[in-house]
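Here's the structure, in structure tokens; my notes come after.
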Amino acid sequence: MKNEMLEKQILDAAERGVDPFDYIYECISGNHGLELAAYVADLYDDVMMETGLHPDDDFEKIIDCILDDLGV
């Protein structure tokens with residue numbers, strides 16, 4: 001339930017016209033609270049493990065995958 005609420009925050013931001021890529025990046029940086037930062041960090045880790053992408057070199061691809069998974 002908690003993850004659904006956090007996912008809804010991301011989707012709501014996209015609906016408001018906030019750039020989804022920038023929003024995810026800001027979440028990773030902790031700009032939208034610790035809960036959202038932890039949730040996005042888990043998504044980031046999941047994508048890295050599933051794809052083998054490097055966290056520093058491929059962060060743009062990883063964020064794109066997160067957005068695809070969320071349907072944004």
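Not a single donor-acceptor pair under 3.5 Å links the side chain of Asp58 to the backbone N or O of Lys61.
The distance from atom CD of Glu15 to atom NZ of Lys8, rounded to the nearest 0.5 Å, is 7.0 Å. Rounding to the nearest 0.5 Å places SG of Cys65 at 11.5 Å from CG of Asp46.
Members clustered with Phe21: Leu6, Ile10, Leu11, Val18, Tyr23, Ile24, Tyr25, Ile28, Leu36, Tyr39, Val40, Leu43, Tyr44, Val47, Met48, Leu53, Phe59, Ile62, Ile63, Ile66, Leu67, Leu70, Val72, by chain and number, using a 4.5 Å side-chain heavy-atom cutoff among hydrophobic residues.
For the pair Ala37 and Gly30, the tightest heavy-atom approach, listed with the atom from each and the gap, is CB-CA, 4.0 Å.
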